[in-house]
Amino acid sequence: LDEPTAGMSPEETAGTLKLMQRLSGELGITILFCEHDMGMVFSIATEIMVMQNGRTLLQDIPQRVKTDRRVREAYLGGADECSA
């Protein structure tokens, strides 16, 4: 999915996330999506691949992605500003 919740209201986004979680949990479907809304990503992803300039910067579990200095500097507002 490419930006699956782009342009959606908060209610629509919540419904889409619930559907994605249901498909994954109940049916065992793996869902691959590209998304820039990091709150949404961290709320649903079990593994994240972060890319920069067409190359993989890091692929790991959300908690490690959140705390990785390179990722924070590149995408989350700087090394000392991320509280996600």
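Residue pairs meeting the salt bridge (charged side-chain N to carboxylate O under 4.0 Å, His left out) criterion with at least one partner in residues 13-35, sequence neighbours excluded, are R22-E26. Applying the salt bridge (charged side-chain N to carboxylate O under 4.0 Å, His left out) rule to pairs touching residues 50-63 yields D60-R64, sequence neighbours excluded.
Applying the side-chain contact (heavy atoms from CB on, under 4.5 Å) test to S24 and every residue at least two apart in sequence or in another chain returns nothing. In terms of the salt bridge (Lys or Arg N to Asp or Glu O under 4.0 Å) criterion, E11 has no residue partners (sequence neighbours excluded). Every side chain to side chain donor-acceptor pair (under 3.5 Å) that E12 has, sequence neighbours left out, goes to S9. For I29, the side-chain contact (heavy atoms from CB on, under 4.5 Å) partners are L23, L27, I31, not counting sequence neighbours. Scored by the side chain to side chain donor-acceptor pair (under 3.5 Å) test, Q52 finds no partners at all (sequence neighbours excluded).
Rounding to the nearest 0.5 angstrom, the gap separating the CD atom in E73 from the CG atom in D68 is 9.0 Å.
F33 and L57 end up in the same hydrophobic cluster when Ile, Leu, Val, Met, Phe, Trp and Tyr side chains are linked at under 4.5 Å.
For the pair L1 and L32, the minimum side-chain heavy-atom distance is 4.5 Å or more.
When all heavy atoms of C34 and P4 are compared, the pair lying nearest together is O-CD, 3.9 Å.
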Show me the donor-acceptor pairs within less than 3.5 Å that the side chains of residues 38-49 make with the rest of the protein, sequence neighbours left out.
unit_1 : atom_1 : unit_2 : atom_2 : d
S43    : OG     : M40    : O      : 2.8
E47    : OE2    : Q59    : NE2    : 2.7

